[in-house]
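I have placed the structure first, in the form of structure tokens, so that the comments after it can refer back to it.
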Amino acid sequence: MKLFLIDAYALIYRSYYAFLKNPRINSKGMNTSAIFGFINSLEDVLKRENPTHIAVAFDPKGPTFRHEAYELYKAQREETPEVIRQSVPIIKDIIEAYNIPILEVPRFEADDVIGTVSKQAEKEGFEVYMMTPDKDYGQLVSEHIFMYRPKFGGDYEVMGVKEVLNKYSLTSVDQVIDLLGLMGDSSDNIPGCPGVGEKTAQKLLEEYGSIENLLENTDKLKGALQKRVTENAEQIRFSKFLATIKTDVPIQFDAMKCVREKPNETRLTEIYTELEFRTFINKMTGEEKKPAPAPQKVAAKGPVQGNLFDLFAPEEPSVPKYSTLASLKTTLHIYKTVDSKEEMAKLGRFLEDQDFFAFDTETDGIDPLTAGLVGMSFAVKENEAWYVPVPADKEEAAKIVAHFSPALQNRKLQKIGQNIKFDIIVLRKYGVRVAGPLFDTMIAHYLLNPELRHGMDYLAETYLKYKPVPISQLIGPKGKNQLCMRDVPLAQIAEYAAEDADVTLKLKNFFAPELKKAGIESLFFDIEMPLIYVLVEMEATGVKLDTVALKQSSEELTAALNNLEKEIYELAGVKFNINSSKQVGEVLFEHLKIEEKAKKTKTGSYSTSEDILEKMRSKHPVVGKLLEYRGLKKLLSTYIDALPELINPETGKIHTSFNQTVTATGRLSSTNPNLQNIPIRDELGREIRKAFIPDNEDCTFFSADYSQIELRIMAHLSQDEHMIEAFRSGADIHSATAAKIYGIPVEEVTGDMRRKAKTANFGIIYGISVFGLAERLNIPRAESKELIEGYFKSYPGIRDYMDESIRIAKEKGYVETIFKRKRYLPDINSHNAIVRGYAERNAINAPIQGSAADIIKVAMVRIYNRFEEEGLKSKMILQVHDELNFNVCQDEQEKVRQIVLEEMENAIQLQVPLIADCGEGKNWLEAH
DNA sequence: GACAAGAGATACGTC
DNA sequence: GACGTATCTCTTGTCA
């Protein structure tokens, strides 16, 4: 006996979507896709499977017990499409005409009904097939209950226990519920755990077996996953509840009523004629059958809908939280669009008479070097601002901008902006050289709170309790359809832009006293603000690349890489994606079984990082090849092939972008490309530096870098006599350190000792732990500990300095650099030793690294000013933390060398000399 | 269901 | 320790 149970809505939806693009419409304009699709499936099953018994289950109208328990379950479900709503009664008529019983129980969904009936029928000896594409039915399969899943192309897939377990990698069908509870199911409105999909859910179940066990062991999870699971624990439990199909619905399976009968073809013909389903009419052959008695509803009456509701009544509906933020709509403001020449001239003159103004530019791109100006906005008083639209035509645009250049270039007038470097670079292309004192609100906030975000919207919401018009309101949500700023109607863009200038001014008024309170006005006005002009020039100048050489390297390396790839496949005996660390791990540890014990990453795959592979190198020839492959691949994809892509077509050079507000310590960072991580250590990597060349043959590449600036700063800050003495005497600091640690004369220091001392020196600067040092040197932890103890014995002042730094951090909540740049360390009093240790190392490291960053910034500003004053054509082009690089014009070599070294070495007076080394050559590598 | 975009993880380059 | 980038893998949203 073969019972087919059909989930009507699941099939109807499926048919509807399948035909959505190309719906079936009859001559009355009715969309019959869903009906057609449903009949098709039904006919197909009857013919193909020849069931002895059959029934169709529908979801009832009105709420089910799930809705009652979960308000959102209802709220989130989209309206049933109109077409489907209209189709359902007709489909029901058709099913009746087929003499197939309809199962529908109030308050229970079709899957609960099918679940209940399946279990009952199984007991009576039926083979049950649940016809539905929904995966949640997987939980019901058993020896005699199967899923019958329609697939595209009219095919079907029958799934029993084995198939379900295989498909979802589970060990019991009950886990289907846990799986869905975790990964969610959008078609069934089960939320699941955000960020957890099929793969992660499977992994978790493999490990923990069930949701309950998982939630009891969340402490064993790591990283983002742990956060997500713990934060969504309730939702996960609830999702499991939602995904659980009930098998005790008040309904009694009546085999007799489900016996397959002949359809009422008269009635069917009537309906099909109405719908214009000629194919189905033609399919029906033979004489008219006598009308069969209308099938009785098998469905029993559901429980009375009374007090039971209360049982699942949702808790107090959460009151939506309305934003308490002010906005343009709630704020009195006067924003004006200025679009006549007369008014522009007037505004230009007006701005010139002020002491300061805030301004902002709107552009059609995010790269300031290529973006076109769309408009400018200005503000001098809160809640008042002007917007000046700028046409796309470059010449016309320059004419408009010219009205404002006297004000923008005025050396006395302060310009206020949010990320003002961007605007200055944009305006530079229109012939404006912005000058005078600056106030960048983004940098102000960076100094006040380096670890927070510094976007304008965030700042406005946090400090002004004001929500600016979101950019997405103008240009649409992120994605390929996003508009360009120039396509936005003037009225909208004017409001938005004027608001930007206005908000910037308000932020300045808020931050200015804060800077004073924090005692960092000098750092802000004397270092960071003047540095903006330096960075503008560096970014605009750019660096020339030897593309011919790079192309040649690219070809050579690509060939080498291809060879390596083949060799690796041969040695490994399988083909796999070498770029996938996951697959590399599987090949090494599972396929080749090179190593028994394998370190796992936090997601459970094998770790294949360089140091681990390095240790395995001797075990199998493929390991060496893999390391070689990775090295080459990195160079090729990150530098050799990537750099030429970033060349600006107008200048023929690459223009990195320096970010002044990213790092926690005060260093700059560089993007597009990151020129601060160009290889230098190994031979092949150095080749890349050769491709960085001066502008032309008359120029040279000049490079100057601070020698041991961080250790010198540490010597200065700690006042440690021995270290100060070592620097004053001009000794090699690492050898001197080794001699002290090992208690031997400098002459007897071996290479290995020096290497360890050097790592220890850097370890202290970078604030790494005993463990980190051991890892880095690949020595036992005990030896690492000894090394550090020896270090502190040699330099007792350093130990004191470190303790003092931590004490200050605990007392004040922050540490600061020589120039008062602050780093806040709220975790310094944490009860978690790991978290606290991290903060403690930062307390030691931040003043050192941050002071070094401050010092080179001072040097940069001074060098830039000297170049200007002395009218040099040579340009500073790169900064790499402790190194400055220049494109030096003919005849200026000596002058540049003199200025650069002088300003670098005298940027500040410390207890120890500040030394800068320099060199020059045809390229960056030679200059070192 | 197929596809694209986004987010996370891993690895690795520099200081 | 800090940073940015490339790549793979997995999730999520969109369009059917």
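Protein chains get the first letters and strands the later ones, always in sequence-line order, with residue 1 at the start of each. As the structure is a prediction and not an experimental result, all values here were calculated from the model.
Within residues 661-668 of chain A, the residues approaching DNA chain B are A:Arg667, by heavy-atom distance under 4.0 Å. Using a 4.0 Å cutoff on non-hydrogen atoms, the parts of residues 836-843 of chain A near DNA chain C are A:Tyr838, A:Arg841, ordered by number.
In this structure, A:Phe762 reaches neither bases nor backbone, as no heavy-atom distance under 4.0 Å exists between it and the strands shown. In this structure, A:Arg630 reaches the sugar-phosphate backbone alone: every heavy-atom distance under 4.0 Å involves primed, P, OP1 or OP2 atoms, never a base. Residue A:Arg823 is classed as having no contact, given no heavy-atom separation below 4.0 Å to the nucleic acid. Within the 4.0 angstrom heavy-atom criterion, no nucleotide atom of any strand lies near A:Leu635. Within 4.0 Å of A:Leu225, counting heavy atoms only, lies no atom of the nucleic acid at all. If you check every strand for non-hydrogen atoms under 4.0 Å, A:Ser605 touches nothing.
A salt bridge (charged side-chain N to carboxylate O under 4.0 Å, His left out) check over residues 663-684 of chain A, counting only residues at least two apart or in different chains, returns the pairs A:Arg667-A:Glu710. Residue pairs meeting the salt bridge (charged side-chain N to carboxylate O under 4.0 Å, His left out) criterion with at least one member in residues 622-635 of chain A, sequence neighbours excluded: A:Glu567-A:Lys625.
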One pair to check against ring-ring contact (aromatic ring centres under 6.0 Å, His included): A:Phe762 and A:His734. What are the steps and the verdict? CA-CA 10 Å; A:Phe762 283 122; A:His734 302 312; 5.7 Å; yes
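Listed by chain and residue number, A:Lys690 satisfy the salt bridge (charged side-chain N to carboxylate O under 4.0 Å, His left out) test with A:Glu687 (two or more places apart in sequence, or in another chain). With sequence neighbours excluded, the residues satisfying salt bridge (charged side-chain N to carboxylate O under 4.0 Å, His left out) with A:Arg836 are A:Glu840. Taking A:Tyr639 as the reference, nothing meets the ring-ring contact (aromatic ring centres under 6.0 Å, His included) condition, with sequence neighbours excluded. Considering only residues two or more places apart in sequence or on other chains, A:Asp917 meets the side chain to side chain contact (heavy atoms under 4.5 Å, CB included) condition with A:Asp705, A:Ser707, A:Ile915. A search for side chain to side chain donor-acceptor pair (under 3.5 Å) contacts involving A:Thr661 returns A:Asn659, not counting sequence neighbours. With sequence neighbours left out, A:Glu451 forms a side chain to side chain donor-acceptor pair (under 3.5 Å) with A:Arg823. Qualifying ring-ring contact (aromatic ring centres under 6.0 Å, His included) partners for A:Phe36, counting only residues two or more places apart in sequence or in other chains: A:Phe277, A:Phe280.
Using the six-membered ring where Trp is involved, A:Phe576 and A:Tyr569 have ring planes that are perpendicular, over 60° apart on the 30 and 60° scheme.
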Contact string for nucleotides 7-13 of chain C, one letter per nucleotide 5' to 3', B = base within protein heavy-atom range under 4.0 Å, S = sugar-phosphate only, - = neither, reads SSSSSS-
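Using a 4.0 Å cut-off, no side-chain N or O of A:Arg681 falls inside it from OP1 or OP2 of B:dG13.
A straight line from CD1 of A:Ile713 to P of B:dC15 spans 16 Å, rounded to a whole angstrom.
The base of C:dG4 lies outside donor-acceptor range of the side chain of A:Asn674, with no N or O pair under 3.5 Å.
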